[in-house]
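Single-structure report; data block below.
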Amino acid sequence: MRTMLMSRLLGERYRENPGEASLVSHRFLLRGGYVRQVANGIYSLLPPGRRVAMKIERILREEMDAMDGQEVLMPVVMPAELWKESGRFDTVGDELLRMKDRTGHDMLLGMTHEEASVQLTRGEAVSHVKYPFMIYQIQTKFRDEPRSRGGLIRVREFTMKDAYSFHASIEDLERHYGEMAVTYHRIFKRVGLPQVISVGSDTGMMGGKVAHEYMLLTEAGEDSLIICPDCGYKANLEVAVSARDCSEAEEETRADVHTPGMKDIASLASFLDVEESRLMKAAVFSVEGRVKPLVVFIRGDLQVNEAKLRQEVGAEVSPWADEVESGLNLGFVGALGLPEAAVDVLYDSSLEGERNLVGGANRPDTHTKGISVPRDLPGIQFSHVAKVKEGARCAECGGTLALRRGIEVGNIFQLGSRYTESMNMTFADTEGQRRNPVMGCYGIGVGRLVACLVEACHDDFGPIWPVSVAPWQVHICQLNQDVGVVGEIARSLYEKLGVRYEVLMDDRGTTAGIQFADADLLGVPVRVIVSKRNVEKGEVEIATRDKRVRKVVQIDQVEAEVAGILQELSARY
RNA sequence: CGGGGUGUAGCCCAGAUGGUAGGGCGCUUGCUUCGGGAGCAAGAGGUCGCACGUUCAACUCGUGUCACUCCGACCA
């Protein structure tokens, strides 16, 4: 509906903050009558929220269409067989909601649609003539998150724009991937979030090699990012790397020292009065599918990045549970004299070339000092599994790396032939040879974007919607509604403006304070205030939600003024 | 999955030692107000999350359970 009377609008505003909401976006979306929670991580949208979401969806459609995307719709409920084809039915964890239908068939709720997109197109795109192509949909996803939180930021059921491109060659995928990156930046600019940045990311369960995440930097975020302010290096902490900084320590003679009860790095370092970076830490992990513990040696001041370790060993890893018998002297595990048959070992590259380190002696209450990695552990292989620390040197330019928080609002992946091979999708190339196409996939979460917009654009009173996504463009308030002329003027403006714009009019006859407070919560960019005192002079007030504009104009100037202000506001993005 | 917190009207909350539920906001009606969440008056609205137990009597005590929430683990 183009115009709406507030007396009929479903979605009551709350004066007080609902108790369960802590994030700004969650609070305003509840208070403004945009969303209502149905269950943990599951929400319904009321008209204002639905309208914002539809505005975003329209922009997504336009941008996908502009890239020759073909809109499709794939199912939410899929048979397990489809996911067994790709192998993910068994590898993805409990976030995949599985169920049985009445005939006992294993079914699942789609959390992403790579399998469905291959299944859909493998019978259609059998000739090189069709390539490259991209399909996309705006569809519900369900992920049974172990812990949803933060209102619309992290939910279980959500709407997502997901696109899948198929190419005859890696080169063509890379070209398209690059174009998509440009499109993504334009999308975020158009919805009013030009500050979204892309960072290199882990590919996780999606598989593939290259991936980027689109992040809104905000303290409300739950992802950690490493950013170099000097050269612009940006990466998710999961994959971030920093320059190696090897100490200049001299080679020393090895000797055992008595260290009673010094089981952790902090107490050992203070007991021996050395820097934590002089210690050789042993982090013990269990690896899915392996009986033996995995011991990771790393410099004492660094942490193991489990995402990197997972990639390195190619399986799920988790910290070794203390109570499980490992045959190790936990707290005193060292690289020298380790029972090699009983454990797997991995060395982090932070140890490369280090001398005069203190490490466990594999005996209770004993450590060994003077360990020299080049001398005592010749020929070992190093892996990169350390978590980058804030303040570390940038590997690209040597600058000082900063740690920031961000919310992921979109991502793009180069999947390669991960799915087309396992699911046997082929096409005939120009030589008539059967080949597997390579794939990319590109997601943007609509609901999360709504929440991010509020996080990024609000004041103390409510959201300030960018024109492109605002639920309405014009909000008419009528003060002193019972004064005949006020109602008449408001009504005629409502009708006139309603021809060109989406207009919401407050016809409830309440006091000015209530009308203004509710208008602030609804965040409509342009407000037209019809009041007795102005109408008597043939004038009305026009103000913007961001409070930058506030002027009184002649009634016959309203349409022109509104048009001008909306144009000006739109031009910001 | 571990640890904490909370469930009382649409929203925010109060209900000492057990005695059958209350305030504010919102809602309805009337009158007065009317440029930043008005005033008076009269109303409507609750199986006190659920189950079992203790008791003459349970919102209150006990056990269990469910839900929501925060922190951690986990997570395209």
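Of the possible polar contacts, none joining the Q137(A) side chain to the L73(A) backbone as a donor-acceptor pair under 3.5 Å is found.
Salt bridge present: E541(A) and R550(A) bring a charged side-chain N and a carboxylate O closer than 4.0 Å. A salt bridge is defined here as a Lys NZ or Arg NE, NH1 or NH2 lying under 4.0 Å from an Asp or Glu carboxylate O, and R88(A) with E115(A) meets this definition. Electrostatic pairing of D506(A) and R527(A) does not count as a salt bridge here, judged by no charged N lying under 4.0 Å from a carboxylate O. Under the 4.0 Å criterion applied to side-chain N and carboxylate O atoms, R491(A) and D507(A) are not assigned as salt-bridge partners.
Applying the 3.5 Å distance criterion, the base of rG26(B) shares no donor-acceptor pair with the side chain of R508(A). Residue side chain D518(A) does not reach the base of rG36(B) through any donor-acceptor N/O pair under 3.5 Å, judged by distance alone. The base of rG35(B) is not paired with the side chain of N480(A) by any donor and acceptor separated by under 3.5 Å. The base of rG35(B) lies outside donor-acceptor range of the side chain of Q515(A), with no N or O pair under 3.5 Å.
The side chain of P18(A) approaches rC11(B) more closely than any other nucleotide in the set rU69(B), rG35(B), rC11(B). In the set rG36(B), rG35(B), rG37(B), rG36(B) carries the atom at the smallest distance from any side-chain atom of K547(A). The side chain of T511(A) sits closest to rA38(B) out of rG36(B), rA38(B), rG24(B). The side chain of N40(A) approaches rU69(B) more closely than any other nucleotide in the set rC74(B), rU69(B), rG36(B). For A517(A), the side-chain atoms get nearest to rG36(B) when compared with the rest of rG26(B), rC11(B), rG36(B). Nearest to the side-chain atoms of P146(A) among the listed nucleotides rA73(B), rC68(B), rG35(B) stands rA73(B). Residue R550(A) places its side chain closer to rG35(B) than to any other of rC11(B), rG37(B), rG35(B). Closest to the L479(A) side chain, of the nucleotides rG35(B), rC25(B), rG36(B), is rG35(B). For N534(A), the side-chain atoms get nearest to rG35(B) when compared with the rest of rC34(B), rG35(B), rG37(B). Of the candidates rC34(B), rC74(B), rG36(B), rC34(B) carries the atom nearest the D482(A) side chain, counting heavy atoms from C-beta on.
With rounding to whole Å, I514(A) atom CD1 is found 10 Å from rG36(B) atom C1'. Atom CG in N17(A) sits about 16 Å away from atom C1' in rG10(B), given to the nearest Å. Atom CD in E16(A) sits about 13 Å away from atom C1' in rA14(B), given to the nearest Å. At whole-Å resolution of the value, CZ in R13(A) and P in rG10(B) are 18 Å apart. Between Q37(A) atom CD and rU6(B) atom P there is a gap of 19 Å when expressed in whole angstrom units. If you take CG of L9(A) and C1' of rC27(B), they are 16 Å apart, rounded to a whole angstrom.
Using a 4.0 Å heavy-atom cutoff across all strands shown, E408(A) reaches at least one base atom of the nucleic acid. Among the atoms of the strands shown, base atoms are found under 4.0 Å from some heavy atom of F158(A). As judged by a 4.0 angstrom heavy-atom cut-off over every strand, E306(A) is placed among residues touching the sugar-phosphate backbone only.
Within 90° of 0 lies the glycosidic angle of rA16(B), which makes this nucleotide syn.
Where G151(A) and L521(A) meet RNA chain B, the nucleotide closest to each residue was compared, and L521(A) sits on the side nearer the 5' end.
The gap from the P atom of rC40(B) to that of rC48(B) amounts to 32 Å, rounded to the nearest Å. For the P atoms, the distance from rA67(B) to rU54(B) is 27 Å, rounded to whole Å. On the C1' atoms, rG26(B) is 23 Å away from rC68(B), given to the nearest whole Å. With both ends at atom C1', the span from rU63(B) to rC70(B) equals 26 Å, rounded to whole Å. One C1' atom belongs to rG30(B), the other to rA44(B), and the distance between them is 15 Å to the nearest Å. Comparing rC61(B) with rG7(B), their P atoms sit 12 Å apart, to the nearest whole Å. Rounded to a whole angstrom, the distance from the C1' atom of rG19(B) to that of rC71(B) is 41 Å. rG22(B) and rG43(B): their P atoms are spaced 15 Å apart (whole Å).
For H212(A) and F413(A), the distance between ring centers is not under 6.0 angstrom. Checked against the 6.0 Å centroid criterion, the rings of H176(A) and Y442(A) qualify as a close aromatic pair.
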